[in-house]
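The next block holds one structure in the form of structure tokens; read it before the comments.
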Amino acid sequence: MFTLYALFRGLFGWIARMFRNAFAVLGTLIALVIVVVVLGAVWGVLTDRGIPQKTVLAIDARGGFSDAPVPGLFVQPQMSFIDLIFALQKATGDTRVKGILLRVGDGGIAGAHAQELKEALDAFRAGEAGRFVIAQASSFQGPGIGQYYVASLADEIWLQRTSEMNAVGLLSTTVFLRGVFDKVGAKPVFGQRYEYKNAANVYTETDYTPAHREATTHLVQSLYGTLTADIAERRKMQPEALRGLIDAGPYLTQGAVDAKLADRVGFYDDAREAAKARAGSGSDVMPIEEYYEHEGSPYDNPYGNDGTVALVAAEGPIVDGASTESLLDGRVMGGDTIAQAITDAADDPAVKAILFRVNSPGGSALASDVILDALQKAQGRGKKIIVSMGPVAASGGYWVSMYADRIFASPATITGSIGVLSGKLMVRDTYRLVGLNPAEIGVGANANFNSAFDEWTPQQRAKFEAGLDQIYDRFTAAVAEGRKMPLDQVREIARGRVWPGSDALGLKLIDKFGGLADALDATIEAAGLDKSKRINVALYPQVSPWDVFWSSMSGAATTAQQLRALGNVVDSETGRALLELFGGGASAGRQIRMPREEVR
């Protein structure tokens, strides 16, 4: 007995020492991070040169932008689109800033972001005579015409020699998984309201249905027409002539210049020197991130202000519970987190109105309703709600917007998709492919209702369909009430159909074309404040760098476990689709979300 006691005492003592050592190492690392941050701040103060009297701001638009700010823990995160707009507004009133140097060409950018950037750059040029914008691209090899649209906002476009210009149109791609599911013995069982609610089609079909094809074709044609009309105006062409040039592409560098799609041949440093020369003697180029860090937002007035409005930034697929931010999954909008942010803003007596920025393809109907409830209660407490739609505010993204006092969107914003879908994936035969045999014992007539191994009985299917009807009826009735439209009119434009912002205005789904800056002006007005005064914009929810770090760690661990479990069944591309369903996708509850398709 003594020997066994000594053995356990030694074992637990060893475990305790390991924990102490681990915490000591963790504490040392945290202290090291704090020291590095402090030294970096001191070094920044000592080496700060201030803003040159003749400054050109450099914007790297390659790859696009996240919509809402994301704090960085160890490194400076990429500038968010909201920060970019505020930085440009600050620069508009800064006489030291003479021009903008855009770096473009690679990767995609959301159409609505491109259109909002156009408004911001036009306002910047109008702020002082002689201002300019120069764009330079190593090539235009990225998908679609979004990057070329951004380049067209400049006074002149530089294109690197021996390069290519592949801005040849707009393409929507949908990957249908039904064929793979058939090969691995998986059976998708879904319901949707109604024929245009196409998100489930990627699981249930092998090609476009007529309704899916009709809606997607109209969406792509509308976005293409809107974007090319803007480009043609900037390049001083007729839209038909520009589209003819695009159809004749792709081009090599000199061919693009000859076609007047580009203006000059040169590398980035050549364009940089040209921008400095145009700004005048003694000028310098400064990254806009550095400028923003130094100068801040024109609405960063927490003390001594004349009034405060809240900016609630809501981005990502909508899920139940808390918001998360991870390296693998990106940003996810948690219903509880966003609802609490809205409540916090409504509780603050200094906040006179709320600007709700939405960039989401939708998700959980329950979480969407939690957010909407918080918004309506804020309105009940006298807070005006203005919605600014980002690149996408559809399905659940529209659900949370529909009772706003005013809704702003860009012509290229993707919205609508008033509908619902749900279902599950039957995978009994899939498991058997790798020698697994799922067996179940349940208590209760419907204990297996959400089981991935049992099909619904006729009675269960009827209850499932009734649930879809309840969500759809609630959605359409709420749109009718919130948008002050007849219910029959709502049902004509609903049925799960996605609409571009250019159609949404005429359909009364939105109130006005405009980006974040326009919606902010309207929020300030709704708050009864004077835009010319010192306005403070308080950002909600408040997310710390450590929040991002720990949610990234949690997300990475969960994803790794799921991938290991399914790695022997399917390849990685199909695995991602299966994981969404197994790990809490459509089978987790009623979903109001957009189709899984990319428009480029």
Side-chain angles (χ1 to χ4, degrees), residues 48-65 76 78-79 81 83-107 109 113-114 116-140 142 146-163 165 167 231 234-236 253-254 256-257 260-295:
D48 182 18
R49 298 179 293 114
I51 308 299
Q53 289 302 309
K54 296 178 181 179
T55 297
V56 177
L57 296 181
I59 301 174
D60 191 343
R62 297 173 298 176
F65 302 90
Q76 182 70 24
Q78 183 186 20
M79 193 172 211
F81 192 75
D83 287 336
L84 176 63
I85 294 300
F86 284 165
L88 285 171
Q89 286 188 312
K90 186 73 172 184
T92 297
D94 190 339
T95 58
R96 297 168 297 179
V97 181
K98 306 301 182 184
I100 302 289
L101 178 59
L102 287 170
R103 196 167 194 179
V104 296
D106 298 326
I109 185 169
H113 276 171
E116 289 192 57
L117 187 56
K118 173 182 180 293
E119 292 182 13
L121 291 177
D122 286 345
F124 167 77
R125 271 183 287 232
E128 186 180 351
R131 281 179 167 169
F132 61 89
V133 179
I134 294 175
Q136 193 276 341
S138 57
S139 68
F140 289 100
Q147 285 286 323
Y148 183 67
Y149 181 100
V150 174
S152 75
L153 304 178
D155 304 305
E156 57 185 49
I157 300 174
W158 291 56
L159 187 58
Q160 183 175 313
R161 71 185 185 203
T162 62
S163 182
M165 180 170 173
I231 295 172
R234 307 299 301 198
R235 300 300 295 173
K236 296 179 173 58
T253 300
Q254 192 56 50
V257 174
K260 301 188 184 306
L261 295 173
D263 301 294
R264 301 184 65 176
V265 178
F267 291 82
Y268 182 71
D269 59 344
D270 299 321
R272 189 176 187 273
E273 291 305 312
K276 290 172 63 177
R278 190 162 174 177
S281 176
S283 65
D284 201 0
V285 176
M286 172 179 284
I288 197 166
E289 294 88 347
E290 184 178 335
Y291 174 83
Y292 190 59
E293 184 177 3
H294 192 281
E295 295 297 302

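Note that this is a predicted model, so its numbers are computed, not measured.
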Are any of the side-chain heavy atoms of D270 and W158 separated by less than 4.5 Å? yes
How long is the span from the CZ atom in F65 to the CG atom in D83, to the nearest 0.5 Å? 11.0 Å
Distance-minimising heavy-atom pair for E128 and T95: OE1-CA, 3.4 Å
Interatomic spacing from CG in L57 to NZ in K98 - rounded to 0.5 Å: 12.0 Å
Side-chain heavy-atom pair E156, R278 within 4.5 angstrom cut-off: yes
Assess R131 against F124: is NZ or CZ under 6.0 Å from the centre of the six-membered ring, and within 45 degrees of the ring's axis? yes
Flag the pair R96 and E295 as a salt bridge only when some basic side-chain nitrogen lies within less than 4.0 angstrom of an acidic carboxylate oxygen. yes
For the residue pair L159 and S139, what are the closest heavy atoms and their distance? CD1-CA, 4.0 Å
Out of curiosity, M79 CE to F86 CZ, how far, rounded to the nearest 0.5 Å? 11.0 Å
What's the separation between atom CZ in R62 and atom OG in S138, rounded to the nearest 0.5 Å? 6.5 Å
With side chains defined as the heavy atoms from C-beta onward, is the minimum distance between H294 and I51 less than 4.5 Å? yes
Between I85 and A120, the two heavy atoms sitting closest are CD1-CB, 3.9 Å
Look at D155 together with R125 and state whether they make a salt bridge at an N to O cut-off of under 4.0 Å. yes
Is it true that D122 and R234 make a salt bridge, defined as a side-chain N closer than 4.0 Å to a carboxylate O? yes
Working note: L84 + Y292, criterion side-chain contact (heavy atoms from CB on, under 4.5 Å); need CA distance, chi angles, decisive distance, verdict. CA-CA 8 Å; L84 176 63; Y292 190 59; over 6 Å; no
Apply side-chain contact (heavy atoms from CB on, under 4.5 Å) to V150 and I109, showing your working. CA-CA 9 Å; V150 174; I109 185 169; 3.8 Å; yes
Do you know which two heavy atoms are closest between I134 and A154, and how far apart they sit? C-CB, 3.9 Å
I'd like to check V56 versus F132 (side-chain heavy atoms, cut-off strictly below 4.5 Å). Are they in contact? yes
Taking the side chain as C-beta and beyond, is there a heavy-atom pair between D284 and T55 under 4.5 Å? no
Side-chain heavy atoms of Y149 within contact of L117, under 4.5 Å: no
Check whether R235 reaches the backbone of K260 with its side chain - one donor and one acceptor, N or O, closer than 3.5 Å. yes
Test F140 against D106 for side-chain contact (heavy atoms from CB on, under 4.5 Å), laying out the working first. CA-CA 6 Å; F140 289 100; D106 298 326; over 6 Å; no
Could you tell me whether the side chain of Q160 reaches within less than 4.5 Å of the side chain of Q136, counting heavy atoms only? yes
Looking only at heavy atoms, the pair that brings V104 and A151 closest together is CG2-CB, 3.8 Å
Rounded to the nearest 0.5 Å, how far does CD1 of I288 lie from CG of L101? 11.0 Å
So which heavy atom on G64 is nearest to which on Q147, and how close? N-NE2, 4.2 Å
Short question: side chain of T92, backbone of G127 - any donor-acceptor pair under 3.5 Å? no
Using the rule given for side-chain contact (heavy atoms from CB on, under 4.5 Å), can you reason through D94 versus K90, listing the C-alpha separation, both sets of side-chain angles and the distance that settles it, and then say yes or no? CA-CA 7 Å; D94 190 339; K90 186 73 172 184; 5.7 Å; no
Side chains of L88 and I100: does their closest heavy-atom pair fall under 4.5 Å? yes
Enter the distance from L102:CG to I59:CD1 here, rounded to the nearest 0.5 Å. 5.5 Å
